[in-house]
Structure formats: C-alpha cells, structure tokens
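All values reported here derive from a predicted model rather than from experimental measurement.
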Amino acid sequence: ARFNPEFDLVEAMARANIMTRSEPKAPVYICLDAGLQESTLEKQPEWPDLNRLKAPAPARAAKADLDAAVKLLKDAKRPVVLMGKTDWTDAGWAARIKLVERLGAVVFTDLKNRASFPTDHPCHVAAPFNQVGRAPKRIVEILDQADVILALEWTDLASALRIKKDGQLAAKVISTSMDQYLHNGAHANYQALPFADINIAATSDSVIADLNAALGAGKKDCWQQAVRKEVKVDPSRVTMDQLAVSLRAAFEDPDKVSLAAICRGWTADLWPFRHPRAYLGKDGGGGIGSGPALSVGAALANHTEGLHT
C-alpha cells in the first residue's frame, strides 16, 4: 500500500486512543518517522468519525467462574479482600463498600495504587502499606487466618500470597487480573506467578458489580477489629505525624484534598482516604524527581473536580 502520511498519522493516533482506553489500560507510544516529523503536510489531515472508533467495553467474568466465586464467598467465615487497581468513579467507590460490607470482609489496600476504599472504614482494619514483604505482623496473621482471599487486580499478588515465611496460606484464592495481556518477556514486569483457585480475566470493577448482583443485599460485621495509630506530636522536633496533622489542619475541608504522592513513613491513619482521588498512587520504578511534574499534572486534572493537590 502507498504511504499516505496524513492518513497514516491520524489512523495511528485513533488506534492508540482505542488501545490506551481499552482494559487493561496502559500508555501507548507512537513513533513517527523522522522524515515525517520534519516534513510539511500538504494539507490538513481529515479526521474520521471518532464516535465509530471507540474502545470496547471491558470483558466480563465467565458465568462458571463467577458462580464458583459466589459460592466460596457465601461460605466464607473469614474473607479478606485485597483491593488493587480500581476506577475513579464515586459509583465504583460505593460498589466496593457494598461488596465488602455484604461479605463482612477485611480489606487491605496498597500504596502503589490510588485510593480504592475508605481507609477509616471499620473493615479497613490496618493502614495501607507499600511493600507486602514489610507489612506489619498483624497483616500477616490476618492473611494466615483467612479462609478466602479475593484479590482484585492486586499488584504483585504472588508476593502477598507468599507473605507467610514458614509455609503457605491456607485460604482459597479468587484472583481477578488483566495483567497477562500486558506482560511480555522483554520487560519482565510480570513479577512472580501467583497461584489461584479461581482465575478471572476481567477488571476488578466489573467483577465487583457482578458479585454485588449475585450476592444480593445484606450486611455483616467485619470479623476483625480495626486498629489505628495514635497521634504522637512532639513540638520539640519535626516528625511525620506532626507534619501530617499540621498539613491536614491547614485545610478547611481536608477531604477536598488530593495527595499526588506521599513519602515513605507517611502515616495514612492520620489522613484517611475518603474518596477515589484522595490519593493518586505511587510513581513506581524509583521515580526520582518525578514529584513536581506529577503534582502539576494532577493539579490540572483535579482543578475541574474542585480539589486541592
């Protein structure tokens, strides 16, 4: 076929738009030929009807997998939900709370991902953590006691399931993940391979919606008690607790704040995440020097939502 720079450029951008908006979502890199970058366009490109070039809806869980997951969860006495990658919406936030309360499950969240569940909810029994290998002893004990673990697009699930140093966790594992569609040998970004009794290739939010529909209404008390960190403010020196408390007090409505990034040692218990944009997640890969750029980008996006960044 004959090379048509005007047409091919527009088609590449339209294709990239579909790819980056399709689950599992990830950045798309478009590489333009050096000659094309420096050449003058003969005419203005004609854009196609983008309403006919939309990303498809995400895949849903297979009925057999969903039925098996529902049975395990209904029978569970000590369920744990590992809440990983989720959407930004208030509806998704409410759906996650509904599922957890229906199950009476313990919820853990990871600081590598953005806020996905209210961290001061009674079912969120421990502060979000960053590295599962360095998680507090209580988290290890709860995972060891669990009879069913529902992992919803949890980052590096295999490490979480290997957290018990002297043996394997006894819990049945339901895993939802789309990661296998992104990973390849060139990047080796797949981490260790996790075991699962039910493996569902669907987004966490779609699985949550399906589970809520199948489980129906109801509410159970969480089978563990929440433990929060006590505030320790020492006026003689600057501590992380003092920094969190003072910064939060500076805002009339701290729930209208979106944290673009937090440092190691940040006490999440002192600044609860109560909406999907309360915390935007970790940059990953070291991310040295990424803070200013990420903060500016987040502030531009949050401005239309009436949030401070």
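Remark: D210 CG to K63 NZ distance equals 11.0 Å, nearest 0.5 Å. Here CZ of F108 is found 4.0 Å from CD1 of I142. Values are rounded to the nearest 0.5 Å. Atom CZ of R274 and atom CG of D255 lie 4.5 Å apart (nearest 0.5 Å). A distance of 12.5 Å separates CZ in R21 from CG in L53, rounded to the nearest 0.5 Å.
Between the D147 side chain and the A76 main chain, no donor and acceptor come within less than 3.5 Å of each other. A distance-only check finds no donor-acceptor pair linking the side chain of Y181 to the backbone of P24 [under 3.5 Å]. With S258 contributing its side chain and R277 its backbone, the two residues share a donor-acceptor pair below 3.5 Å. Not a single donor-acceptor pair under 3.5 Å links the side chain of S246 to the backbone N or O of L243. Using modelled atom types, one side-chain atom of T119 and one backbone atom of F273 make a donor-acceptor pair closer than 3.5 Å. W223 places a side-chain N or O within donor-acceptor distance of the main-chain N or O of P79, the cut-off being under 3.5 Å. The main-chain N or O of A16 is never found under 3.5 Å from a side-chain atom of T20 such that the two would form a donor-acceptor pair.
Taking the side chain as every heavy atom from C-beta outward, R138 and Q224 approach each other to under 4.5 Å. At a threshold of 4.5 Å between non-hydrogen side-chain atoms, the residues S177 and L157 do not count as touching. Counting heavy atoms from C-beta outward, L66 and L211 have side chains that approach closer than 4.5 Å. Between V107 and H124, the closest side-chain pair of non-hydrogen atoms falls below 4.5 Å. Proximity of V173 to F195: side-chain heavy atoms (C-beta onward) are nowhere separated by under 4.5 Å. Side-chain contact check for I262 versus W271: every heavy-atom pair is 4.5 Å or farther apart. Counting only heavy atoms from C-beta outward, the side chains of R248 and P272 approach each other to under 4.5 Å. The side-chain heavy atoms of R102 and K220, taken from C-beta on, include a pair separated by under 4.5 Å.
In this view, K112 and D110 satisfy the side chain to side chain donor-acceptor pair (under 3.5 Å) rule, not counting sequence neighbours.
Cluster membership check: V140 shares its hydrophobic cluster with V106, using side-chain heavy-atom separations under 4.5 Å among Ile, Leu, Val, Met, Phe, Trp and Tyr. In the hydrophobic clustering of ILVMFWY residues, with side-chain heavy atoms under 4.5 Å counting as a link, L99 and L72 come out together.
Using a 4.0 Å cut-off between charged nitrogen and carboxylate oxygen, K25 and D87 do not count as a salt-bridge pair. With salt bridges taken as basic N to acidic carboxylate O contacts below 4.0 Å, one links K164 and D144.
For the side-chain contact (heavy atoms from CB on, under 4.5 Å) with R96, the qualifying choice from D205, V81, L152 is D205, the only one to do so. Each of L150, N199, V207 was compared with I174 under the side-chain contact (heavy atoms from CB on, under 4.5 Å) criterion, and only L150 meets it. No option in T155, T203, D179 other than D179 meets the side-chain hydrogen bond (donor to acceptor under 3.5 Å, both in side chains) test with K85.
Around the CG atom of D90, the shell of radius 6.0 Å holds no more than 12 heavy atoms that belong to other residues, nucleotides or ligands.
Counting all heavy atoms, side chain and backbone alike, A214 lies closest to V70 at CB-CG2, 3.6 Å.
Between W154 and F129, the two ring planes are tilted [angle within 30° to 60°].
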